[in-house]
Amino acid sequence: MPELPEVEVFRQTFNSSALNQKVARVEVLDDIILENISSRAFQMKLKGATFQATHRHGKNLFVQLDTEETMMLHFGMSGSLKYGKDGEEEPEYSRIIFNLNNGYNLYYVSPRKLGRIGVVEDEADYIVENKLGPDTYSDDFTWDVFKNIMKGRRGIIKSSLMNQKLMAGIGNVYSDEILFHSNIYPFTVVHEINDKELKTIFDNIKMVFEKVINTKLKGKKFPKNFLVLKRSEGAECPICGGRIKREKFSGRSSYYCEAHQKKNLGPN
DNA sequence: AATATTGTTCAGCA
DNA sequence: GTGCTGAACAATAT
């Protein structure tokens, strides 16, 4: 489920495993994963390179190489990174395998093949070219920044939160989670949300991401009051005991509590 | 067998 | 220009 928190966990896991290792060989099991680069060219660029540093922007993971280039990984709707010793069974749905000099392998796993890996010259350029908004977990993403992004928005709050060009990292599941804790109905139009409630949403972006990242890093279960555990029509709301409803919008399901997530009336 | 699924992009339209 | 919708991508899980 790679939204920002999952990608951040991949990054930290990468840092404690494959970082500073040298690539001995790259196996491309399915080149549909490669973005704007042939299998051969990708192998040329990666072979012999050392993974020097990692950065994350939204749902994108950047791995800086010692060759002045940077590998960019995106995980699509399904996808993950796995690390394992050579000789052990490779994970199911591995699409790209990096054989490392230390006898371990890094596996890019993508069951539905919607993820992409590319090589870019510069991370900052990539973010600009793809018009990505600020990373929502960064310290630079402040209340003021968020407030200004939301000013004058005409659409619904959920779409705005999920719009990667406005702000990067929030997807379907955690946009629901954020609004669930903010007592806001996902289809509320932005201009009907007052500053106090917007601030609550902002605080909950940080809260949800921090909790999810910590939960996953420690391999724990989600907090009991999280909606993510109750994503099904008619489930009981873990906050107020109300009913969880499901509503579709452009092919995607939104879950919310009918009882405590109300539409807001009147601007500011 | 039918339906749902975490992301992104694009066409068509209001 | 903004925003909404549905389709497409490809595949798995229930």
Side-chain angles (χ1 to χ4, degrees), chain A residues 1-11 28-36 56-61 72-82 91-96 107-118 120 126-127 129-133 135-137 148-180 185-193 205 208-209 211-213 215-216 222 226-235 244-256:
Chain A
M1 308 155 225
E3 296 183 31
L4 184 151
E6 287 78 17
V7 179
E8 177 60 20
V9 171
F10 296 154
R11 190 183 75 81
V28 178
L29 305 183
D30 197 328
D31 64 8
I32 198 172
I33 298 298
L34 299 179
E35 189 170 57
N36 300 324
R56 184 191 50 69
H57 189 98
K59 304 168 189 173
N60 298 274
L61 176 60
M72 191 287 296
L73 303 95
H74 191 285
F75 297 90
M77 289 246 268
S78 63
S80 58
L81 280 182
K82 299 267 165 66
E92 211 177 0
Y93 313 121
S94 295
R95 307 300 181 192
I96 312 278
Y107 302 92
Y108 177 85
V109 178
S110 186
R112 288 171 65 184
K113 300 185 182 178
L114 289 174
R116 294 292 177 263
I117 295 181
V120 300
Y126 181 90
I127 292 165
E129 278 164 26
N130 288 276
K131 301 188 169 70
L132 291 176
D135 179 84
T136 41
Y137 195 60
N148 283 326
I149 289 171
M150 285 307 189
K151 198 177 285 176
R153 287 272 108 209
R154 283 189 281 167
I156 61 174
I157 182 65
K158 170 146 169 157
S159 295
S160 298
L161 293 177
M162 286 176 65
N163 186 338
Q164 305 300 302
K165 294 190 163 70
L166 294 179
M167 62 194 96
I170 304 174
N172 194 36
V173 168
Y174 296 127
S175 63
D176 283 354
E177 191 70 52
I178 289 158
L179 294 170
F180 177 76
Y185 175 64
F187 301 93
T188 311
V189 292
V190 174
H191 72 257
E192 286 182 358
I193 300 177
I205 294 173
V208 166
F209 282 170
K211 284 224 163 121
V212 175
I213 290 168
T215 298
K216 299 215 164 198
F222 280 106
F226 265 47
L227 175 66
V228 68
L229 301 166
K230 303 278 183 176
R231 290 178 72 81
S232 65
E233 181 95 53
I244 301 301
K245 290 268 289 179
R246 174 176 162 227
E247 224 168 301
K248 287 262 232 176
F249 100 100
S250 61
R252 206 119 277 163
S253 293
S254 297
Y255 292 90
Y256 64 95

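Chain letters run A, B, ... following the sequence lines, proteins first, then strands; residues in each count from 1.
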Spacing of Met167(A) atom CE relative to dT8(B) atom P, expressed in whole Å: 14 Å
OP1 or OP2 of dG7(B) under 4.0 Å from side-chain N/O of His74(A): no
Among Arg246(A), Arg231(A), Lys245(A), Arg252(A), salt bridge (charged side-chain N to carboxylate O under 4.0 Å, His left out) partner for Asp176(A): Arg231(A)
Distance, rounded to the nearest Å, where Arg116(A) contributes CZ and dC9(C) contributes C1': 8 Å
Heavy-atom closest pair, residues Tyr108(A) and His74(A): OH-O, 2.6 Å
Identified stems (criterion: three or more consecutive Watson-Crick or G-U pairs, under 3.5 Å), DNA chain C: B:2-5 with C:11-14, B:7-14 with C:2-9
Rounded interatomic separation in angstrom, taking CG from Leu4(A) and C1' from dG7(B): 14 Å
Contacts of Pro186(A) that satisfy side chain to side chain contact (heavy atoms under 4.5 Å, CB included) - sequence neighbours left out: Lys158(A), Leu179(A), Tyr256(A), Gln261(A)
Taking every non-hydrogen atom, the tightest pair across Pro111(A) and Ser78(A): CD-OG, 3.5 Å
Met77(A) CE to dA8(C) P, straight-line distance once rounded to whole Å: 15 Å
Donor-acceptor pair, side chain of Asn172(A) and main chain of Ser253(A), under 3.5 angstrom: yes
Rounded distance in Å - CZ (Arg252(A)) to C1' (dC9(C)): 12 Å
Under 4.0 angstrom between Tyr174(A) side-chain N/O and dG7(B) OP1 or OP2: no
Nearest-0.5 Å distance that lies between atom CG in Asn60(A) and atom CG in Leu132(A): 5.5 Å
C1' atoms of dA1(B) and dC9(C), separation to the nearest Å: 23 Å
Heavy-atom check, side chain of Met150(A) versus side chain of Ile157(A), under 4.5 Å: yes
Side chain proximity check, Tyr174(A) to Glu6(A), heavy atoms < 4.5 angstrom: yes
Spacing between Arg231(A) atom CZ and dT3(B) atom C1', to the nearest angstrom: 16 Å
Side-chain heavy atoms of Thr215(A) within contact of Phe226(A), under 4.5 Å: no
Atom-pair distance (CD on Glu3(A); P on dT8(B)), nearest Å: 9 Å
Protein-nucleotide distance (Met150(A), atom CE; dT2(C), atom C1'), rounded to Å: 15 Å
Minimum-distance pair of heavy atoms, taken over all atoms of Phe222(A) and Lys216(A): CZ-CE, 3.8 Å
Between dA2(B) and dA10(C) - P atom distance, rounded Å: 22 Å
side-chain N/O Ser78(A) vs dG7(B) OP1/OP2, d < 4.0 Å: no
Criterion side-chain hydrogen bond (donor to acceptor under 3.5 Å, both in side chains) against Asp135(A), the qualifying member of Arg56(A), His57(A), Lys59(A): Arg56(A)
Geometric class of the Phe249(A)/Phe187(A) ring pair [parallel <30°, tilted 30-60°, perpendicular >60°]: perpendicular
Under 3.5 Å, which N/O atoms of the protein pair with N/O atoms of nucleotides 11-14 of chain C?
unit_1  : atom_1 : unit_2    : atom_2 : d
dA11(C) : OP1    : Lys113(A) : NZ     : 2.4
dA11(C) : N3     : Arg112(A) : NE     : 3.4

For Tyr255(A), ring-ring contact (aromatic ring centres under 6.0 Å, His included) partners two or more places apart: none
Nearest-0.5 Å distance that lies between atom CD1 in Ile178(A) and atom CD1 in Ile170(A): 4.0 Å
Under 3.5 Å, which protein N or O atoms sit close to an N or O of nucleotides 9-13 of chain B? Give each pair with its distance.
none

So which protein nitrogen or oxygen atoms get under 3.5 Å of nucleotides 3-5 of chain C's nitrogens or oxygens?
unit_1 : atom_1 : unit_2    : atom_2 : d
dG3(C) : OP1    : Arg153(A) : NH1    : 3.2
dG3(C) : OP1    : Arg154(A) : N      : 2.9
dG3(C) : OP2    : Arg153(A) : NH1    : 2.4
dG3(C) : OP2    : Arg153(A) : NH2    : 3.3
dC4(C) : OP1    : Ile156(A) : N      : 2.9

